[in-house]
Structure formats: C-alpha cells, structure tokens
Colleague: 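I have a structure here, written as structure tokens, and I will follow up with some questions on it.
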Amino acid sequence: MHAAHFRPLSGSETALLEFATLGTTKWCGERITPDDVRTKPEYTHYTRLIAERGDFGVVAEIDGEVAGVAWAVFLPITDAGYGFVDEQTPELSLWASADHRRLGIGRKLLYALIAEATARSRAQISLSVEAGNHAKRKGSPRFRGAEADGVMLRRLP
C-alpha cells in the first residue's frame, strides 16, 4: 500500500460526507440508514460543509481512493450536534474506510484536523464519542471533557 495523500475537503463533497456520516454510526453495528442520513436533522447537519460559517475538513486518499475523512462543523445552538459545546467550538467527525482501518489513517486525519483548527486560531474542538468506540484508545490525541456524556474537548494552543 502506498502512503496516504491528504487534501482539503470541498463543500461540494456532500455524497462523501453522507457516506462518512453513515459510517461513523456503524462502528458497533447497523443503526441508521442512508435515508436517515439524508433526511433526519440530527444527521444532515454533519453532511454539509459550509465554508462561510467556518467549516473545514481533510480527506485522506491512497492510490486515488478515499481512505477516510475528518471534518469540523460549526453548528448553531438551534441545531446542536451530539458533540455540541458552544457556537464557537467546531464539532469534529471522523471516518476511515473499512479497508484502511488499523493503519493509522484515522489518527493522521485527526492530527491533520487539529492542525487545521489551530491554524485557524480556534481555541478548542469537540468530539462526540460513544462508550466503547476506538477513539478513546491509548495513543489518540487527548481530548478532555464530559466523557460521561460522550462529549470530549481538545483545547488548542
């Protein structure tokens, strides 16, 4: 396998974000459908990257194939996500394809997104993680916060 190439996520990549959002819920089995991702507000807000509100993301590709994506969205309190902290804190989502898991792609995407958030002078970034998810594994960048509620917070330099 060749090295991963990282590029910015485009706001026009809605299909990728729909697929990735569905994938982020499958870590412990099938729970929602593609139609849910496209129609239910609790999922659709993760499928729209809106540059005007400050959203950003990173795509990892290997041999021209998407290996994973990490993105951060600024959601309003009226449309708060699972990892909502406040309107100034972007909420991070991360997905790696099944063929590219356990190869460090997720960790590299996470570090790339944290670097981008830092470059954009964000004070912190949030992440919603359910109990048992691999994101809480040793070796992942440290997030601290309301872990009992599944919301983790990473303060940035």
Colleague: For the side chain of His45 and the backbone of Asp79, is there at least one donor-acceptor N/O pair under 3.5 Å apart?
Modeller: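 Side chain of His45 to backbone of Asp79, a donor-acceptor pair under 3.5 Å: yes, one is there.
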
Colleague: Between Arg122 (side chain only) and Gln88 (backbone N and O only), is there a donor and an acceptor less than 3.5 Å apart?
Modeller: yes

Colleague: Any donor-acceptor pair under 3.5 Å linking the side chain of Thr118 with the backbone of Ile114?
Modeller: yes

Colleague: Can you confirm whether more than 12 heavy atoms, excluding those of Phe84, are under 6.0 Å from its CZ atom?
Modeller: yes

Colleague: To the nearest 0.5 Å, what is the distance between CG on Leu92 and CG on Leu110?
Modeller: 6.0 Å

Colleague: Are the aromatic rings of Trp71 and Tyr46 close, with centres under 6.0 Å apart?
Modeller: no

Colleague: Please answer whether the main-chain N or O of Ile125 pairs with a side-chain N or O of Arg154 as donor and acceptor at a distance below 3.5 Å.
Modeller: no

Colleague: Calculate, to the nearest 0.5 Å, the distance between atoms OG1 and CH2 belonging to Thr21 and Trp95 respectively.
Modeller: 10.5 Å

Colleague: Are Lys40 and Glu18 ion-paired here, with the side-chain N under 4.0 Å from a carboxylate O?
Modeller: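 Salt bridge: no.
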
Colleague: If only side-chain N and O atoms count, and only distance matters, is there a donor-acceptor pair under 3.5 Å linking Ser126 with Glu91?
Modeller: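 The criterion, which ignores hydrogens and geometry beyond distance, is not satisfied for Ser126 and Glu91.
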
Colleague: Report the distance from atom CG of Leu75 to atom OG1 of Thr89, rounding to the nearest 0.5 Å.
Modeller: 11.0 Å

Colleague: Looking at Gly57 and Leu113, what are the two nearest heavy atoms and their distance?
Modeller: CA-CD1, 3.8 Å

Colleague: Please round to the nearest 0.5 Å and tell me the distance separating atom CG of Leu109 and atom CG of Leu94.
Modeller: 5.5 Å

Colleague: Could you report the tightest heavy-atom contact between Leu22 and Thr25, atom names first, then the distance?
Modeller: O-OG1, 2.7 Å

Colleague: Looking at Leu49, is its backbone amide N or carbonyl O close enough to the side chain of Asp55 to form a donor-acceptor pair, meaning the two atoms are under 3.5 Å apart?
Modeller: no

Colleague: Roughly how far, to the nearest 0.5 Å, is the CZ atom of Phe56 from the CD1 atom of Ile50?
Modeller: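 Here the rounded value is 14.0 Å.
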
Colleague: Would you say Glu13's side chain and Ser10's backbone share a donor-acceptor pair under 3.5 angstrom?
Modeller: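 Yes: the side chain of Glu13 pairs with the backbone of Ser10.
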
Colleague: Which pair of non-hydrogen atoms, one from Val73 and one from Arg48, has the smallest distance, and what is that distance?
Modeller: CG1-O, 4.0 Å

Colleague: Any idea which heavy atoms bring Thr39 and Thr44 closest together, and the distance?
Modeller: N-CG2, 3.7 Å

Colleague: Minimum heavy-atom separation for Gln124 to Asp86, with atom names?
Modeller: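 Here Gln124 and Asp86 meet closest at NE2-OD2, 3.8 Å.
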
